[in-house]
2 protein chains.
Amino acid sequence: MFIQIEPLSNVPIYEQVTRQIIEGIARGDMGPGDTLPSVRSLAADLGVNMHTVNKSYHELEAKGIITIRAKSGAIIRSTEERALTPEQLQQIEKNLKPVVAEGMVLGATVDQIEHMMKKVFADLQLPAEGV
Amino acid sequence: MFIQIEPLSNVPIYEQVTRQIIEGIARGDMGPGDTLPSVRSLAADLGVNMHTVNKSYHELEAKGIITIRAKSGAIIRSTEERALTPEQLQQIEKNLKPVVAEGMVLGATVDQIEHMMKKVFADLQLPAEGV
DNA sequence: TATTTGTTATATAATAAGTATAACAAATAT
DNA sequence: ATATTTGTTATACTTATTATATAACAAATA
C-alpha cells in the first residue's frame, strides 16, 4: 500500500493514515466499491497497532467516505452515496480558513495561494489523467 | 479583544488563540508594530491559564508572525520582516493538501472549492476594505 | 520605587495517543 | 463442516499532550 508513516510527525498516526487514504482516493489509486485492507493487515504493514488503524477507519466512516460492514470489511462509498451536505461544505470552508489566513499573514498574495491550490489539484488529479 | 474560546472544541485552546490572532491580523484588526496584550492579561480575559496563552505566543513566534521581547511584550512583525521563505510556502501547500483532498473525495468540484476560497478571502479582507 | 513583563521551575490533573492482549461472534475461505 | 479472517469489545498500561496552579526571578516599564 501507498501509506507512509512519519513517526516523528506532530500529526497523530491515525490521522496520517486517514489523510493518506483520502489522498489515495482523490488521486484515483482506489475508488468506490474498493475494499480497504483489514485493520489487522494494514496495521501489520505499517508496523502500528490494530486499534490505531481502526480509529482511522472509523474517522473515515464519520466523514462519510467509507462504510464499515461489521465482521466483513471497509468499503469506499460511491460519490452518489457521499451526499456533500451543506454541513460538509461548511466544514471544508472552516478547515480552509486558518490555512489561508496564515498564508496571507505570512505575506502570500491571493495569486500565490490560488497558484498553490492549482498545484494541489494537479497533484491529486493528474496521475488519474495519465490512465 | 476579539478572541472567542470554544471549550468543547477538539482544537486545543492555545491553537484556537493562535488561529484567531492570525485571523485578526489578516482581517486588519491589528497590524505590524502593534503589541499583543500581555500573556497574563489575555489569559485573564479569556479565563484560561497564563501558560496556555504563552504557548500560543511562542507558536506565533515560531511561525515568524510576532517577535517576543523578553520582559517587555510581543510585537507583530512587519510584512518585510516576515520573509515568506520557500519553506513557508511549501508548508502552506502541505496544510492545504488534506483539506482540498477531503473536499474532492466528498464530491466537491474544483469550482466549489475555489468558490469557498474566495469566500474565505472575502471574509478576511472585506472588513479592512470598509475602512 | 512599585508594578508589570516574559521566563523558568515544579507540581498536578485530565485527556489523547498508542500499544498490548484477549476473547467474541459473524463472515468468509478451504 | 471446519478453520481462518473479520470487525468489535474489553481491559490494562505507557507515554505525550493539554491545561491548570503557584511561585520566584530579573529585566523593563510606569
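To find a chain, count down the sequence lines: A is the first, B the second, and so on, and within it residues start at 1.
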Nucleotide dA19(D), atom P - distance to CD of Glu6(B) in whole Å: 13 Å
Atom of Glu81(A), atom of Ser78(A) and distance for their closest heavy-atom approach: OE1-N, 2.9 Å
Interatomic distance, Glu59(A) CD vs dG18(C) P [rounded to whole Å]: 11 Å
Inter-axis angle, terminal five-pair segments of the helix from dT1(C)-dA30(D) to dT30(C)-dA1(D) [nearest 10°]: 40°
Value in whole Å for how far the C1' atom of dT5(D) lies from CE of Met50(A): 13 Å
Residue-phosphate contact under 4.0 Å: Lys55(B) side-chain N/O, dT18(D) OP1/OP2: yes
Evaluation steps, side chain to side chain contact (heavy atoms under 4.5 Å, CB included), between Phe121(B) and Glu114(A): CA-CA 11 Å; Phe121(B) 277 130; Glu114(A) 284 183 341; 4.3 Å; yes
Contacting residues from residues 39-47 of chain B, given that a heavy atom lies under 4.0 angstrom of DNA chain C: Val39(B), Arg40(B)
Whole-Å distance separating the CG atom of Leu8(A) from the P atom of dA17(C): 18 Å
Under-4.0 Å side-chain N/O to phosphate OP1/OP2 contact, Asn54(A) with dT8(D): yes
Phosphate OP1/OP2 of dT20(D) contacted by Thr52(B) side-chain N/O (<4.0 Å): yes
Sugar-phosphate only, base, or nothing, as touched by Tyr14(B) at under 4.0 Å among non-hydrogen atoms: sugar-phosphate
hydrophobic_cluster_shared for Ile92(B) and Val110(A), side chain cutoff 4.5 Å: yes
Between P of dT9(D) and CG of Asn49(A), the distance in whole Å: 17 Å
Base of dT8(C) paired with side chain of His51(B) (donor-acceptor, under 3.5 Å): yes
Phosphate contact (dT6(D) OP1 or OP2) by Ser38(A) side-chain N/O below 4.0 Å: yes
Cationic N near anionic O, under 4.0 Å, Glu15(A) to Arg19(A): yes
Residues Glu59(B), Lys55(B): salt bridge by 4.0 Å N-O rule: no
Close residues, residues 67-76 of chain B, relative to DNA chain C [heavy-atom separation under 4.0 Å]: Ile68(B), Arg69(B), Ala70(B), Lys71(B), Ser72(B), Gly73(B)
Distance, rounded to the nearest Å, where Glu15(A) contributes CD and dT17(D) contributes P: 16 Å
